[in-house]
Amino acid sequence: MGRRLLRANDILIETAGGSRERPTGRSVLVSQDVLDAFPGDVTCASFARFLRVDPDVASPRFIYWYLQHLYARGDMWMHQVQHTGVARFQFTRFSQTHKVQLPVRAEQEAVADVLGVLDDKIAVNERIAVTADELALALALDERWEKRIRLGEIADLSKVQQVPQELSDDLVDHYSLPAFDSRKAPDRCSPLSIKSGKFVIDSPAVLLSKLNPEIPRAWDVVPDGSVPSLASTEFLVLVPGLGISTHELWSVVAQRKFLEELAAKVTGTSKSHQRVRPAEVMETEVVDPRQFGEVGGQIRSLAQSILAARRESKTLATLRDTLLPQLMSGRLRVKDAEKIVEDHV
């Protein structure tokens, strides 16, 4: 059993769960911080395998980035099979047939360092955004806010623009539209596949799932309305009323009391068909954000911090994804890449 326990610098590779639009074979590098977050020993689930790179032969971090490069280039498709509803990655075939051209060890470490700096900064930005979210919600939860009103008094349901059927995945990929699926946490970098039942959001809004969540969730989507987004029609799109910021609206609909009241209104005979009716959502009471006063300004300031952090992360992720194939192919020298990264971090 001890041999299967994960260690720092192990690499997990996904072996099941792909789709027609996304192959299996995604990978993640296990850090000591990740292991320390668990109270005991850690191993990987049955839908993944782990690689343990011999550090005397290659840099584990370089191999991780090399796998990221293969996935981004589409090389993992040739190792995917799908006989049932679940796609599988042929790990044994991949490991036995794929050969890695390794640069000298010093260059391996340098490449990993350059890309790692960008990833580390993105992780810091996400911690900033999460902390700011928590602070904004805490400000809105203060017990002094006694006045409660119907949600419909401070927000409207948006009329959404349906995504044209002819809009291709490639076009959406090109614009890197943020995308949201009510069954998952939002992904601000990778767009959803374009199918029927998706719509475009092009103004500040808050998304609220109308699926059967045991505790419904709310997400702040476009704090300034500067970037159009895609979303599943399983969401309600709430537009803040006059004088109310998107984040203030988010901070009141994300409160547990509101979400629990919505959960009690869910209807449907089975989980896959349960919904909460839009009219009932708009009639549910929330804390009135118009009583926030100076605290409202603090919440708006926190929202701007979140927006700035996530915008920078998107820029850094684009830079990282641009540098990755150039470094792996040798078209870009590490020293030149280091200079580019220094100008952005």
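- When atom types are taken as modelled, the side chain of Gln68 and the backbone of Tyr64 share no donor-acceptor pair closer than 3.5 angstrom.
- Of the options Leu324, Leu332, Val334, a side-chain contact (heavy atoms from CB on, under 4.5 Å) to Val114 is made by Val334 and by none of the others.
- In this structure a side-chain-to-backbone donor-acceptor pair under 3.5 Å is present from Ser251 to Glu248.
- Minimum interatomic distance between Ala337 and Leu327 (heavy atoms only, all atoms of both residues): CB-CD2, 3.8 Å.
- Ion pairing of Glu338 with Arg333 is absent here, as no side-chain N (NZ or NE/NH1/NH2) approaches a carboxylate O to less than 4.0 Å.
- Using modelled atom types, one finds no donor on one side chain facing an acceptor on the other under 3.5 Å when comparing Ser313 with Glu126.
- For the pair Arg144 and Gln291, the tightest heavy-atom approach, listed with the atom from each and the gap, is O-OE1, 4.4 Å.
- With Ser329 contributing its side chain and Gln326 its backbone, the two residues share a donor-acceptor pair below 3.5 Å.
- The minimum heavy-atom distance linking Trp250 with Ala136 is given by the pair CZ3-CB, 4.3 Å.
- The hydrophobic cluster containing Leu151 also contains Trp145, counting ILVMFWY residues as joined when their side-chain heavy atoms lie under 4.5 angstrom apart, directly or transitively.
- A salt bridge does not link Lys339 with Asp336: none of the charged nitrogens is closer than 4.0 Å to a carboxylate oxygen.
- Of the N and O atoms on the side chains of Asp75 and His69, not one donor lies less than 3.5 Å from an acceptor on the other residue.
- Of all heavy-atom pairs spanning Ser46 and Thr15, the tightest one is O-OG1, 4.0 Å.
- Tested against Arg150, the residues Glu280, Glu261, Glu285, Glu283 include a single salt bridge (charged side-chain N to carboxylate O under 4.0 Å, His left out) partner, Glu283.
- Val81 and Leu70 fall into different hydrophobic clusters, defined by Ile, Leu, Val, Met, Phe, Trp and Tyr side-chain heavy atoms under 4.5 Å apart, directly or through other members.
- Proximity of the aromatic rings of Tyr66 and His98 is defined here by a centroid distance below 6.0 angstrom, and this criterion is met.
- The hydrophobic clustering, which links ILVMFWY residues whose side-chain heavy atoms are closer than 4.5 Å, places Phe62 and Val57 apart.
- In this structure a side-chain-to-backbone donor-acceptor pair under 3.5 Å is missing from Asp142 to Leu139.
- A salt bridge between Asp288 and Arg148 is absent, with no side-chain N of the basic residue lying under 4.0 Å from a carboxylate O of the acidic one.
- In this view, Asp54 satisfies the salt bridge (charged side-chain N to carboxylate O under 4.0 Å, His left out) rule with no residue, not counting sequence neighbours.
- Put simply, the side chain of Gln108 gets close to the backbone of Pro103: a donor and an acceptor are under 3.5 Å apart.
- Put simply, Leu135 and Val252 are part of the same group of oily side chains (I, L, V, M, F, W, Y) that touch within less than 4.5 Å, one to the next.
- Minimum heavy-atom separation, Cys44 to Phe50: SG-CD2, 4.0 Å.
- For the pair Ala8 and Ser31, the tightest heavy-atom approach, listed with the atom from each and the gap, is CB-C, 4.4 Å.
- Looking at Ser59 and Arg61, their side chains never bring a donor and an acceptor atom within 3.5 Å of each other.
- Of the possible polar contacts, one joining the Thr97 side chain to the Arg93 backbone as a donor-acceptor pair under 3.5 Å is found.
- Each of Arg88, Gln90, Gln80, His79 was checked for a side-chain hydrogen bond (donor to acceptor under 3.5 Å, both in side chains) with Thr24, and the lone residue meeting it is Gln80.
- Under the 4.5 Å side-chain criterion, counting only non-hydrogen atoms from C-beta, Ser27 is not in contact with Tyr71.
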